[in-house]
Amino acid sequence: MLFSSVTFLFYFLPAVFLLSGLLPSVRWKNRVLLLASLAFYAWGEPTFLPVLIAVILVTYCTGERVARSTRERARHWLFVGVGLNLLCLGGLKYTGLMVKLVNRVCGLAGFAEIPIPEVQLPLGISFYVFQAISYLVDVHRREASPARSPTELALYVAMFPQLVAGPIVRYQQVAARLRSRRVTLARAAYGARLFIIGLAQKTLIADQLAPIANAGFELTRGLEPSFVAAWTGVIAYSLQICFDFSGYSNMAIGLGLALGFRFPRNFRLPYAAESVTDFWRRWHISLSRWFRDYLYIPLGGNRDGAARTYRNLIVVFLLCGLWHGASANFLIWGAHHGAFLVLERSAFGGRILRLNHWLRRAYTLFVVALGWVWFRADGTKDALRMFRSMFGLSDAPEFALNVLNALTPLSLLAFAVGIVACVPYATRMVELFFAQARARVTYATPMLAQDACFVVLLWLSISFIAADAYSPFLYFRF
Amino acid sequence: MFLSSLARSALLIVVAATLMAPLAVSLATSLAANPLRAESGGAPGVGARLADFPRLARLWEAPAEYLRGVDAHLKEHFGLREFALDLNARLRSQFGAPVSGKVVVGESGWLFFAEGLLDRPRESSRYWQERLENQAALLESLEGAVTALGARFLVVPVPDKHTIYPEYLPAWLRERRPDSNHARLVKALQDRRVAVLDVEEPLLRLKQSAPVYYRTDTHWTPIGALAAFNLIVERMGLPERRLPIDLEVTERMHGKYDLVRLALFTKEMRDWSIVGYRSAVPNKRVVMDPVRDGSSVERGYEATRGGAGLTVVVIGDSFTRVFLQEPLLDVAARIVWMHHSWCHFDWARVRDAEPDWVLYESVERYAGCSESALEEQQRAFVRSR
């Protein structure tokens, strides 16, 4: 089920909040929330539900063993739990890629090819498996106490706001609220505002930019787009993915707040970053932290000299690329970011630091936009065609018609709003406006004005949801 | 503090009311009408009906598909939908033309489907030529396989609307529209001596006196379809089965034709209503048997009218699925219709139908086959021998 769907907004969400609000105890609220989350998950593809339940059961059982065993045995149980989770993720997500690689090697050696199994990827598996692994590791490290009941753990793994596209939450961040929580008026109102912001980011900006991005990238199927068409497509996609994903995260955090939970912030104006390293502190923060805490630091982090640090960074980003998808493009995307992180730790990084901060931002945007080409293109050939066009090597004579048609006044407005909303000064100016207004006018007036804007945004978003065609969240496929 | 609580409460109340109102209105209206009933459309094209509520039996047969069906139904039937659509249309109209990426708004109230028009710039000509050659090779092989079954074969490529009515394209697009894949496919087939019927010229002539395509729908009108039918029966050696094109044409406002919906218009647009088809076979009783292949999506159908007669297999798309069914059943006792599935049609079904005639019809925007489709089908033809 999509957050920006009629079924979710008008049927599922009111039902969950009504039931949750009417029930007196946290225990009952948890049960209802768990059932609702499983229904939310099953709605997309019921056959995937057993996978989610299996992950929960395996994680709960092995987590119990990890918590109650001696240090040495706990380590064994940790390997079992993490191994089974990774097996599940790897088996469902990477079997096809592995078979393709084996076939390539077999083909070179003259052996017959193995048929590629058609495995459907369960929705959000990369997210909930990572949450399950973080739980096991944190219990082993004694950073989190084990779940008191299977329901608690199941709710932590499967809670519908963050189930299919994050943010990736640590168990200790929600454990206390699984046992006792109170929804205050202030938190509920803040949650509602965040949810509306997220919905508007998705429907009013990301979805309006999608036709431009699609038009630009569609051209790479069979030919090279012109220089202008290529850059238009890439910039539109850069904005689309940012507002799509941060919109989803904001909706998830807002829903969490309204239900009494506090999820970590996942985006912090990523396109205002002044280096690629800085970008990863602002983009999909919960994933970056997961990789830092559960992979980069255990690999040695930056403790064993420059060479080891570079190796660790490359390994982490290759795996980060593979986490996003089982294809060469994602692997290259990971390598692209890893390589720039390594570069920024070398002498090149010092030169970047000496640049004016606008130039630093331009450099970061350029590198990130190049990365998105790998991320969005359907294959390496399409990506390479796009790069040829972006670097002026294409001889396509005219602005492609499909891009031209996608540039409607509405999508151009979304383009402009998207760019402005990415600039830190614009956001700060809005905040400042309301802060000043609060100081000068009566207390409630600016708040009411602000809330009236939120209500208008909600109505506009709903009108687009009612009118628009199917628009899946980009990050659902991971 | 009090004012701040009041403001927060007001926000939450408005948000809750906004999210609950559609359900409340749905429930209220469902007391007056059964929401599970099937709705009838009114538009001639595919996808023009609002989604029906899926049959409950599908929940056990194909749960995921059932839930998708419920989703589609709720999306098109929630309370206050008209209000939301109207708000959206007003907003879009403030920003120039209410255009979705799928539709090109032409002149004089004409709409065109963007697929096949905007995604094939002239620079891609060589790419499409290769795909058209693949399709011509596939159809040549298909003709051989059909002839080996003792049946006869005819390809009827259908031109896109913009090929017949280029004068209604927007000015910026008129001179830059893509090269005609229709003409290129016909030529490729003629070069290979595959039996092909080119309906472009006859449709261009007929459009001077009657509407052969709808203004606000992707498809040809029953007049265009009937003109094509007459040409087909002539090629089948049955000129006496030609039908008079004397349908009743009126103009009125329509809101449900497929391009109107795709363009996200909520207003109605002027278009033709064409009725008055009279069957040449008196008291014809057509029995329809949809083919579903284990899912609720119709993969094709078998239509019989009883009695002896020809069996015609039609490998086609929405241009033949409904539009040619009636007249063809005047000629044939049995029609087996299947989608061409972009060259991946089911050859086994063609063979098992024991046809007298096989007609291959695909609209211009679907012209072209991938190399893998060509190889896969050619293997299937060889296996069946």
Side-chain angles (χ1 to χ4, degrees), chain A residues 1 5-7 9-11 13-15 17-18 42-47 185-186 188-189 192-193 195-196 210-211 214-215 218-219 221-224 396-398 400-402 404-406 408-413 442-444 447-448 451 454-455 458-460 462-469, chain B residues 1 3-12 14-16 18-23 26 63-64 67 70-71 74-76 78-81 83-89 91-92 95-102 104 114 117-119 121-124 126-128 172-173 176-178 262 264 266:
Chain A
M1 204 183 294
S5 71
V6 166
T7 313
L9 285 174
F10 300 147
Y11 297 87
L13 201 56
F17 275 97
L18 266 180
W43 193 269
E45 183 53 78
T47 49
L185 194 61
R193 288 189 196 113
F195 182 80
I196 294 168
N214 292 344
E218 265 168 21
L219 285 171
R221 291 182 195 155
L223 75 159
E224 285 166 359
E398 58 183 39
L401 294 179
N402 60 342
L404 206 59
N405 192 55
T408 62
L410 195 62
S411 63
L412 285 172
L413 180 70
T442 53
Y443 188 76
M447 248 182 120
L448 281 173
D451 288 347
F454 281 116
V455 171
L458 177 65
W459 288 351
L460 288 179
I462 286 174
S463 85
F464 275 86
I465 289 166
D468 264 6
Chain B
M1 192 66 192
L3 284 175
S4 136
S5 297
L6 198 68
R8 283 171 185 145
S9 306
L11 173 72
L12 287 174
V14 175
V15 170
T18 303
L19 297 182
M20 285 179 177
L23 179 59
S26 287
L67 294 173
V70 174
D71 246 347
L74 294 178
K75 185 176 163 66
E76 297 195 333
F78 65 88
L80 300 176
R81 177 173 179 265
F83 171 76
L85 288 176
D86 187 56
L87 176 68
N88 192 263
L91 180 78
R92 283 175 192 266
F95 291 97
V99 178
S100 85
K102 294 171 187 164
V104 175
L117 182 59
L118 299 175
D119 55 353
R122 288 189 177 153
E123 305 88 83
S124 66
R126 203 174 61 196
Y127 168 76
W128 284 105
W172 61 270
L173 185 58
R176 302 162 77 185
R177 72 194 165 98
L262 274 172
L264 311 175
T266 53

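We name chains A, B, ... by the order of the sequence lines, and we start the count at 1 in each one.
For I196(A), the part lying under 4.5 angstrom from a heavy atom of chain B is the side chain only. Using a 4.5 Å cut-off between heavy atoms, V14(B) contacts chain A through its side chain alone, with no backbone atom that close. With a 4.5 angstrom heavy-atom cutoff, L13(A) touches chain B only via side-chain atoms.
Here L185(A) pairs with S5(B), R8(B), S9(B), L12(B) under the side-chain contact (heavy atoms from CB on, under 4.5 Å) rule; sequence neighbours left out.
Contacts with chain B were tallied for A186(A), S411(A), A192(A); A186(A) has the most, counting heavy-atom pairs under 4.5 Å.
Side chains of D71(B) and W43(A) form a contact here, defined as non-hydrogen atoms less than 4.5 Å apart. Between V15(B) and L458(A) the shortest side-chain heavy-atom distance falls below 4.5 Å.
Here the closest non-hydrogen pair linking Y11(A) and L23(B) is CE2-CD1, 3.3 Å.
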